[in-house]
Amino acid sequence: MNDPRQKPDAISGTTHFGFRDVPTGEKQKLVGQVFSSVASNYDLMNDLMSMGIHRVWKRYFVGTSQVKRGDRVLDLAGGTGDIALLLRDRVGEAGSIVLGDINGAMLRTGRDRMTDMGKVAGFEYVQMNAEKLPFPDASFDLVTIAFGLRNVTDKDAALREMHRVLKVGGQARVLEFSEVKAEWFKPIYDFHSFKVLPRLGKLFANDADSYQYLAESIRKHPPQDELKAMMQSAGFARCDYRNLSAGIVAIHTGYKV
């Protein structure tokens, strides 16, 4: 029986896209189509997926980060800029934030949102693949990725790249949906994910398929201890994680030493 969280298969050349096996080279394109479809409704998508709690998770994620004034931060899979916006005041005028995303529609949504809010100074926007970051070694004090790692085809490569671009002493933080730990809550969570969420996606965004994929992608993502081991294998030290909301999401941290 196949592992539902299988990694890309170097022999068969396949990986997962939701619960489907697809050629490894096609996943990036398929994920891109999903996020191009939901870009204009991304905040709504997160509200539907998390029942609005994602805003609290993100604030805690940033509030507990190792970041100080003057730091240079890379926010991967930056989406509509939620994390970058929360980080901006913490790095101050002397600091800077690179908001990166592989999807052009998502990146434009984040840039336009920041511009509309008058938040221009201190931000850079770069379309990039997390598996091959276009930065020199030791470029950042902090690297974050929130609700994006599960959509990366080669997560191990992305984690190695995050480690490479960090300065010594820098921290990487991953906020991602994870494995629910409370047994009584799992049936409720599954019902919401696979029965309610796609219907809400159809009702509010006329896009049930994308929301179905997003629910499936959560189940394919490595659970807490497996992701911690992956970060250790990528070279991070002092790796740890903290579950939020009974493990619906987890914050993973690692340091470059």
Side-chain angles (χ1 to χ4, degrees), residues 15 17-18 25-47 49-50 54-55 57-58 61-62 65 67 72-88 91 95-117 119-136 139-166 172-177 205 207 210-211 213-214 217-218 221 249 252:
T15 188
F17 175 73
E26 288 188 15
K27 179 172 179 176
Q28 181 177 316
K29 175 184 174 182
L30 293 169
V31 171
Q33 291 172 349
V34 168
F35 282 90
S36 293
S37 175
V38 304
S40 62
N41 292 297
Y42 187 69
D43 290 332
L44 171 64
M45 177 196 77
N46 283 330
D47 283 332
M49 291 183 72
S50 72
H54 73 98
R55 301 174 190 276
W57 294 335
K58 289 173 180 175
F61 178 65
V62 171
S65 65
V67 66
R72 182 166 169 80
V73 181
L74 173 61
D75 179 33
L76 290 170
T80 52
D82 285 353
I83 300 300
L85 185 61
L86 291 170
L87 284 163
R88 186 69 193 91
V91 301
S96 63
I97 298 170
V98 177
L99 197 159
D101 204 298
I102 195 171
N103 187 277
M106 292 293 294
L107 198 61
R108 286 190 296 274
T109 298
R111 181 198 61 199
D112 292 348
R113 179 190 182 201
M114 295 295 195
T115 302
D116 290 345
M117 297 173 64
K119 304 289 187 179
V120 178
F123 289 107
E124 301 172 49
Y125 302 89
V126 182
Q127 188 168 357
M128 67 182 78
N129 187 336
E131 299 171 19
K132 298 177 182 178
L133 297 177
F135 304 105
S139 295
F140 298 95
D141 300 286
L142 172 68
V143 179
T144 62
I145 182 167
F147 302 119
L149 185 61
R150 74 181 189 280
N151 298 304
V152 175
T153 302
D154 190 341
K155 297 174 181 62
D156 292 300
L159 291 170
R160 289 193 298 270
E161 281 291 273
M162 291 168 67
H163 183 269
R164 180 183 66 79
V165 301
L166 270 177
R173 294 178 70 81
V174 179
L175 173 63
E176 189 56 87
F177 288 103
D207 187 357
S210 292
Y211 287 75
Y213 158 73
L214 291 165
S217 71
I218 293 169
H221 186 65
V249 300
H252 282 73

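Rounded to the nearest 0.5 Å, atoms OG1 (Thr144) and CG (Leu74) are 7.0 Å apart. Here Glu161 contributes atom CD and Asp156 contributes atom CG; the two are 12.5 Å apart, rounded to the nearest 0.5 Å. Taking NZ of Lys155 as the start and CD of Glu176 as the end, the distance is 8.5 Å to the nearest 0.5 Å. Here the CG atom belonging to Leu142 is positioned 6.5 Å from the CG atom belonging to Leu87, to the nearest 0.5 angstrom.
Counting heavy atoms from C-beta on, the side chains of Leu76 and Met128 come closer than 4.5 Å. The shortest distance between side-chain heavy atoms of Leu99 and Leu107 falls below 4.5 Å. Inter-residue side-chain proximity for Asn151 and Tyr213 is flagged as met; some heavy-atom pair is nearer than 4.5 Å. With a 4.5 Å cut-off on side-chain heavy atoms, Met114 and Leu85 count as touching. The closest side-chain heavy-atom distance from Val73 to Phe140 is not below 4.5 Å. Within the 4.5 Å cutoff, no side-chain heavy atoms of Tyr125 are placed close to those of Val98.
When all heavy atoms are compared, the tightest approach of Asp75 to Ala84 is OD2-N, 3.6 Å. Minimum heavy-atom separation, Met162 to Val174: CE-CG2, 4.3 Å. Considering every non-hydrogen atom in both Val126 and Pro134, the closest pair reads CG1-CG, 4.3 Å. Of all heavy-atom pairs between Arg164 and Leu133, the closest is NH2-O, 3.0 Å. Shown here for Gly148 and Ala77, the closest heavy-atom pair between the two residues is CA-CB, 3.8 Å. In terms of heavy atoms, Ala146 sits closest to Ile83 at CB-CG1, 3.8 Å.
Residues passing the salt bridge (charged side-chain N to carboxylate O under 4.0 Å, His left out) test with Glu131: none are found, sequence neighbours excluded. Annotation: salt bridge (charged side-chain N to carboxylate O under 4.0 Å, His left out) contacts of Arg55 (sequence neighbours excluded): Asp47. Not a single side-chain hydrogen bond (donor to acceptor under 3.5 Å, both in side chains) links Ser65 to another residue, sequence neighbours left out. Remark: Glu124 pairs with Arg72 by the side-chain hydrogen bond (donor to acceptor under 3.5 Å, both in side chains) rule, at least two apart or across chains. Remark: His54 pairs with no residue by the ring pair (Phe, Tyr, Trp, His ring centres under 6.0 Å) rule, at least two apart or across chains. For Leu86, the side-chain contact (heavy atoms from CB on, under 4.5 Å) partners two or more places apart in sequence, or in a different chain, are Lys58, Arg59, Val62. Residues that satisfy the side-chain hydrogen bond (donor to acceptor under 3.5 Å, both in side chains) test with Arg173, not counting sequence neighbours, are Thr64. For Phe61, the ring pair (Phe, Tyr, Trp, His ring centres under 6.0 Å) test picks out no residue, with sequence neighbours left out. In this structure Arg88 satisfies the side-chain contact (heavy atoms from CB on, under 4.5 Å) test together with Val91, Glu93, Ile97, Phe123, sequence neighbours excluded.
Screening residues 102-113 for salt bridge (Lys or Arg N to Asp or Glu O under 4.0 Å), with sequence neighbours left out, gives Asp82-Arg113.
The backbone N or O of Asn103 lies less than 3.5 Å from no partner atom in the side chain of Gln127, so there is not a single donor-acceptor pair. Distance alone, capped at 3.5 Å, places no donor-acceptor pair between the Lys132 side chain and the Asn129 backbone.
Ring planes of Trp57 and Phe177: perpendicular class, angle over 60° (limits at 30 and 60°).
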